[in-house]
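Please read all numbers here as calculations on a predicted model, not as lab measurements.
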Amino acid sequence: MSASSSTAATATTDRIPRALPPFARSAVPVIAASTLALLLALTTRYDYVTDELYFLAAGKFYTAWGYMDQQPLVPLLAAFLDRAFPGSLLAFRLLPAAATALGAIVAALMARELGGNRRAQVLAAAAYPLSPWILLNGHWLTASTMELLQWTAILWLLARWARLKHGGVDRDRLLLGIGLIIALAVQTKFQVLVLIAALLVSIAITGPRSLFARPALWLAAAIPLATAIPTLWWQARHGWPALAMGIAVNNENDRLLMVPTALFYAGLLVGAACCCYGAFRLLRAPELLPFRFLGWAAIAVFLFFLAAGGRPNYVAGLFGLLFAAAATGLQRRSGMLLWPAYLLSAVLPLSLLPVYPLGFLARHPELPSYVRLYETGWPGLTEAVARAYRALPAEQQRRTAIVAENYYLAGALDVLGRKAGLPRAYSPHRGYWFFGAPPETADTVLYVGSRNRLSVHFGRSRELGEVETGLANVAQGNTITLYQDPLQPWPALWPRIRTI
């Protein structure tokens with residue numbers, strides 16, 4: 001090794017603190033506890049959201065090793081919570097609220113690993129729940145909610161490993177912990193594979209390359225690979241539907257809006273500024289040179305999803321890292337501007353919270369859409385379909401299948417409809433299509449969705465009325481239509497009406 005290389009290596013090592021700054025034991029837990037209390041206080045004020053119903057239906061009725069648009073972990077969690085605490089929205093949403101509160105603590109720990117003092121830790125922890133995307137996801141049990149904590153924990157443990165290895169302390173068990181979290185993340189959403197690939201490439205280019213010589217790394221890699229075999233088998237057996245879902249997402253998103261939307265999700269003012277400043281510090285700050293690979297990995301993840309047409313929320317798992325890196329640069333700045341900026345940044349996420357009771361929203365359909373952001377119309381939808389079904393002759397009911405145009409409606413009718421005496425629901429939309437077609441004995445369809453959607457596939461059709469869901473994210477005016485005499489048997493018809 002040359003003298004200049006030796007000097008550079010020594011300088012890099014010297015920049016890494018041997019001892020961590022003290023943890024902000026009082027302020028950070030208060031921020032996390034306040035976040036948890038706020039989420040739980042409001043969690044029963046609105047009904048299940050669309051994805052919650054989809055996950056609940058998948059976990060309860062259609063358990064599988066994989067799904068088109070998600071992986072098995074969250075559906076299984078939803079089914080378990082529903083069985084353990086039937087009908088309790090508080091118990092159902094305790095896990096996502098706790099995950100969001102814990103994410104604030106991990107963001108503070110990340111700031112500490114990067115050399116942040118107590119003030120920096122508080123700034124990072126406070127920025128976390130001020131992200132509109134993070135705070136809103138703390139209200140409901142979805143894959144995106146769990147993914148946020150998983151990514152933040154992976155990045156924190158890897159930063160900790162890098163610091164301790166340079167400090168001469170063997171902490172390879174951290175790599176095993178990362179492997180376990182990645183195993184959970186792969187069973188949540190496949191997007192974590194983009195993060196892992198970006199991290200490995202970044203480390204190979206910028207270091208610490210000693211990571212690749214650690215046997216614990218390969219043992220850690222074996223954990224998610226082994227646990228992913230059933231899921232990958234399911235994907236291969238069904239023609240890799242996750243790729244088709246990626247194409248559908250690409251067609252839905254505008255790449256020009258990726259940057260502003262992602263910054264909006266991070267949070268107006270503090271969140272957006274911390275993302276930009278945090279990325280700059282990871283790439284340029286001399287004291288963060290040992291963690292440079294994290295900055296380049298974050299850039300690579302963003303560029304990948306930008307090129308692939310991913311959704312802006314796909315990069316939200318990076319927010320904790322970027323908030324922490326920014327906080328280490330703000331820790332010695334005057335608080336005269338910082339804390340007013342934080343208070344102002346709280347206006348947007350707090351304004352989106354469900355402060356209105358569920359019953360109040362249901363009784364006031366005239367309220368604007370930004371107030372009616374949370375689902376309130378599932379009982380009315382279910383009752384309207386149940387009335388139409390019960391009006392059919394008993395013999396015809398036995399030959400009738402309930403089909404919904406999209407997975408939003410199908411999830412609601414599947415979860416709530418069975419309690420109202422309805423048979424299971426079907427849908428040709430996205431992941432629901434894989435749950436199976438109606439039986440061949442079903443020569444009648446009670447369809448909920450767009451008018452005349454299936455007319456060309458049936459000999460007779462009759463509109464039974466419209467039903468208003470009152471939902472902000474589901475098309476209004478869904479028509480209930482009775483279709484009879486299918487022109488093809490269901491095994492041939494089902495692929496033809498599939499939608500993605």
Side-chain angles (χ1 to χ4, degrees), residues 48-89 91-96 99 140-147 150 180-192 223-245 378 382 401-404 406-420 422-439 442 490-491 494-495 498 500:
Y48 292 106
V49 298
T50 53
D51 281 358
E52 283 181 321
L53 288 165
Y54 171 59
F55 289 131
L56 189 52
K60 289 183 67 173
F61 310 128
Y62 315 108
T63 304
W65 288 112
Y67 300 95
M68 176 184 181
D69 40 9
Q70 308 294 337
Q71 302 316 315
L73 179 62
V74 175
L76 290 176
L77 287 174
F80 169 77
L81 291 170
D82 184 71
R83 289 191 178 99
F85 308 96
S88 174
L89 283 171
F92 192 77
R93 291 175 174 146
L94 176 60
L95 182 60
W140 42 69
L141 180 61
T142 68
S144 298
T145 308
M146 308 310 296
E147 182 185 48
Q150 292 163 352
L180 291 172
I181 297 174
I182 294 174
L184 292 175
V186 169
Q187 297 301 329
T188 303
K189 296 183 75 173
F190 278 153
Q191 278 84 351
V192 71
I223 298 173
L225 285 175
T227 57
I229 289 175
T231 299
L232 295 175
W233 174 82
W234 187 93
Q235 288 285 331
R237 184 168 173 263
H238 291 84
W240 299 99
L243 298 178
M245 184 65 192
W378 302 132
T382 304
I402 296 177
V403 179
N406 51 53
Y407 80 86
Y408 317 133
L409 300 170
L413 292 173
D414 233 356
V415 173
L416 304 180
R418 299 191 191 213
K419 299 177 183 178
L422 293 175
R424 64 154 290 187
Y426 300 85
S427 177
H429 186 227
R430 293 191 176 176
Y432 240 94
W433 184 85
F434 291 92
F435 297 163
W490 280 108
W494 199 239
R498 180 185 179 187
I500 297 177

Next on the checklist: If I take atom OG1 from residue Thr50 and atom CZ from residue Phe55, how far apart are they, to the nearest 0.5 angstrom?
Outcome noted: 9.5 Å
Item to check | For Val49 against Arg93, the heavy-atom pair lying closest together | outcome: N-NH2, 3.9 Å
Return a table of donor-acceptor pairs under 3.5 angstrom between the side chains of residues 68-84 and protein atoms on other chains or two or more places apart.
residue	atom	partner	partner atom	Å
Asp69	OD1	Tyr54	OH	2.7
Asp82	OD2	Lys60	NZ	2.9
Arg83	NH2	Lys60	O	3.4

Next on the checklist: Distance check, rounded to the nearest 0.5 Å: Phe92 atom CZ versus Tyr48 atom OH?
Outcome noted: 5.5 Å
Next on the checklist: Between Gln187 and Thr227, is the side chain to side chain donor-acceptor pair (under 3.5 Å) condition met? List the steps.
Outcome noted: CA-CA 8 Å; Gln187 297 301 329; Thr227 57; 4.5 Å; no
Next on the checklist: So Thr142 and Pro96, do their side chains get closer than 4.5 Å, heavy atoms only?
Outcome noted: no
Checklist entry - Testing Ile181, Val186, Leu184 for side chain to side chain contact (heavy atoms under 4.5 Å, CB included) with Val192, which one passes? => result Val186
Item to check | Side-chain donor/acceptor of Trp140 to backbone N/O of Thr145, under 3.5 Å | outcome: no
Checklist entry - Can you name the nearest heavy-atom pair linking Ser144 to Lys189, along with the distance? => result OG-NZ, 3.6 Å
Item to check | Verdict with reasoning, Leu94 to Phe85, per side-chain contact (heavy atoms from CB on, under 4.5 Å) | outcome: CA-CA 11 Å; Leu94 176 60; Phe85 308 96; over 6 Å; no
Next on the checklist: Evaluate Arg424 against Asp414 for side-chain contact (heavy atoms from CB on, under 4.5 Å), listing each step before the verdict.
Outcome noted: CA-CA 5 Å; Arg424 64 154 290 187; Asp414 233 356; 3.7 Å; yes
Checklist outcome for this item: When rounded to the nearest 0.5 Å, the distance separating CE of Met146 from CG of Leu95 is 4.0 Å
Checklist entry - Where do Phe190 and Leu232 come nearest, in terms of heavy atoms and distance? => result CZ-CD2, 4.4 Å
Item to check | Tyr67, Tyr62, Tyr408 screened by side chain to side chain contact (heavy atoms under 4.5 Å, CB included) with Tyr432, the one that passes | outcome: Tyr62
Item to check | Closest contact, heavy atoms only, Val403 versus Pro438 | outcome: CG2-CG, 4.2 Å
Checklist entry - Counting only heavy atoms not in Trp65, do more than 12 fall under 6.0 Å of its CH2? => result no
Checklist entry - Looking only at heavy atoms, which two atoms of Glu52 and Leu141 are closest? And how far apart? => result OE2-N, 2.9 Å
Checklist outcome for this item: On a heavy-atom basis, the closest approach of Ala404 and Leu413 is CB-CD1, 4.4 Å
Next on the checklist: What's the separation between atom CZ in Arg498 and atom CH2 in Trp433, rounded to the nearest 0.5 Å?
Outcome noted: 5.0 Å
Next on the checklist: Test of understanding: with ring-ring contact (aromatic ring centres under 6.0 Å, His included), list the residues that count as partners of Phe434, not counting sequence neighbours.
Outcome noted: Trp234, His238
Checklist outcome for this item: By side chain to side chain donor-acceptor pair (under 3.5 Å), Thr382 pairs with (sequence neighbours left out) none
